[in-house]
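A note on names: the letters A, B, ... follow the listed sequences, proteins ahead of strands, and every chain is numbered from 1.
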2 protein chains.
Amino acid sequence: MLKGKIPPAVITRLSIYYRVILESRKKFLSSDEISKLTDFTSAQVRKDLTYFGQFGIPGKGYNTDLLKASILNILGLDRRWNVALVGVGNLGSALLSYKGFSRQGFKISCAFDADPSKVGTKVNSVLIRDIKELARAVRANNIHIAILAVPKDVAQNVTDTLASAGIKAILNFAPVRPKPDKSVTVLNIDLSIELERLAYFLARKS
Amino acid sequence: MLKGKIPPAVITRLSIYYRVILESRKKFLSSDEISKLTDFTSAQVRKDLTYFGQFGIPGKGYNTDLLKASILNILGLDRRWNVALVGVGNLGSALLSYKGFSRQGFKISCAFDADPSKVGTKVNSVLIRDIKELARAVRANNIHIAILAVPKDVAQNVTDTLASAGIKAILNFAPVRPKPDKSVTVLNIDLSIELERLAYFLARKS
DNA sequence: TAGATTGTTAATCGATTAACAATC
DNA sequence: TAGATTGTTAATCGATTAACAATC
């Protein structure tokens, strides 16, 4: 089913295909129709899908029920993932209340902070624990993914703690790129860098 | 100074180089030292920089004061950019209070929402205006960049409004990819898609 | 069958890496 | 000068696109 190396961008596109298929509510979609809905080329749609199998019917297109189920399975979204939030500041609190996550099998079930005045309180009905409890709570609650929203000077430290607690996937919002143990996947979302990219585009234009 | 087409990833790396140079506090850094600080190769560091000019001294390395000033200039960060936030929900409020932005010449000076109960209140001392005022306020306040944190079903609409108000750069957090007028640059930050990428990595590992 | 669209191979395009002459 | 490191060219690697035979 799985052929050779898969370009990382393919995975992002699969998520996008899934969304537009879901919204279209049609029984069949051709690669050309998916292309129009996403602005990727139809060749790319077909190529991306064939990395994982043959889901289409020549002359007809793709059965969207099959395709939806297949993409969910490929992305590992046919199960629940427990998520911990580390760092309950402004951004962390917003992420804790963010509705978009729960939609696709993600559940933020634990939150941690170092500030004693926050520990013991609840945000969006999630109890905030002391960060010292992290390793124990990660194991006890079967946490798979950590969202890191801590100040930049402690990001590396917390990353190491998460790794030694057995976490294999981290979504990092701190404006540093922690160097993880090689068994750990870190995705960095750096808000300032994105704004800087926009500034670059603007500066070039004018 | 500017040679041919520049791969988009170069711009992101420039932001990262800037940060590590700033933190190192050294007078000179070689491409090899920058490589060690960032985990990019030294060849890539040199190549990225020569897209924009010659900043180094053979046998010696890069004068960090010159390099910092040059990168700021390349990225267009040697000036101030006015930013508007559209959509003051959980995420929007957090972005409005986010300290990281102001550091690099970005200032969120306007915020908009459609909810009458929010209009007229302040978050982080920024007045929340009615979204109907958008076009006028964007012009009056010389806004360059919009951060979009609205529900997905209005994202396209607001994007169009922003475009017709003259905005050329949008950082979009809504979980759809608005199709912008071609004069407008949109960068999409999609939190659910990032979590889905992590789920994919985890599913492959186990 | 005729028409449409897939799956896949080959061609193209673009970005990264290696190597080294030029230079401080 | 000898040693170090840049800037740049050429080689490699990887991802996207085009084209079309296979197939429903």
Whole angstrom value for the distance that separates [atom2] of [N] from [atom1] of [X]:
X       : N     : atom1 : atom2 : answer
B/Tyr17 : D/dT6 : OH    : P     : 12 Å
A/Phe52 : C/dT6 : CZ    : P     : 18 Å
A/Lys60 : C/dG7 : NZ    : P     : 14 Å
A/Ile57 : C/dA4 : CD1   : P     : 17 Å
A/Leu49 : C/dG7 : CG    : P     : 8 Å

- Note on the structure: What residues 23-34 of chain A contributes to the DNA chain C interface at heavy-atom separation below 4.0 Å is A/Ser30, A/Ser31

Tell me, please, which residues at least two apart from [X] pass side chain to side chain contact (heavy atoms under 4.5 Å, CB included).
X        : result
A/Lys60  : A/Phe28, A/Ile57
B/Lys168 : A/Leu202, A/Lys205, B/Ser183
A/Pro58  : none

In chain order, what residues pass the side chain to side chain donor-acceptor pair (under 3.5 Å) check against [X], with sequence neighbours excluded?
X        : answer
A/Lys132 : none
A/Ser31  : A/Arg46
B/Lys152 : none

- Task: May I ask you to evaluate whether A/Tyr62 reaches the phosphate of C/dG7, defined as a side-chain N or O under 4.0 Å from OP1 or OP2?
- Result: yes

- Message: So, OP1 or OP2 of D/dT8: does either fall under 4.0 Å of a side-chain N or O from B/Gln54?
- Response: yes

- Item | Pairs where residues 182-202 of chain B contributes a residue and the test salt bridge (charged side-chain N to carboxylate O under 4.0 Å, His left out) is met, not counting sequence neighbours | A/Arg19-B/Asp190, B/Glu194-B/Arg197

- Message: For residues 78-100 of chain B, which residue pairs pass the salt bridge (charged side-chain N to carboxylate O under 4.0 Å, His left out) check, not counting sequence neighbours?
- Response: none

- Task: Quick one, give me the B/S/- string for nucleotides 9-22 of chain D, reading 5' to 3', where B means a protein heavy atom under 4.0 Å from the base and S means that only happens at the primed atoms, P, OP1 or OP2.
- Result: B-----SSBBB---

- Query: Taking atom types as modelled and ignoring hydrogens, do the side chains of A/Asp160 and A/Gln156 form a donor-acceptor contact shorter than 3.5 angstrom?
  - Reply: yes

- Item | Partners passing ring-ring contact (aromatic ring centres under 6.0 Å, His included) against A/Phe101 (at least two apart in sequence or in another chain) | A/Tyr98

- Item | Pairing annotation in dot-bracket form, given for DNA chain C with Watson-Crick or G-U pairs under 3.5 Å and | for cross-strand partners | ..||||||||||||||||||||||

- Item | Any side-chain heavy-atom pair of B/Pro178 and B/Asn188 under 4.5 Å | yes

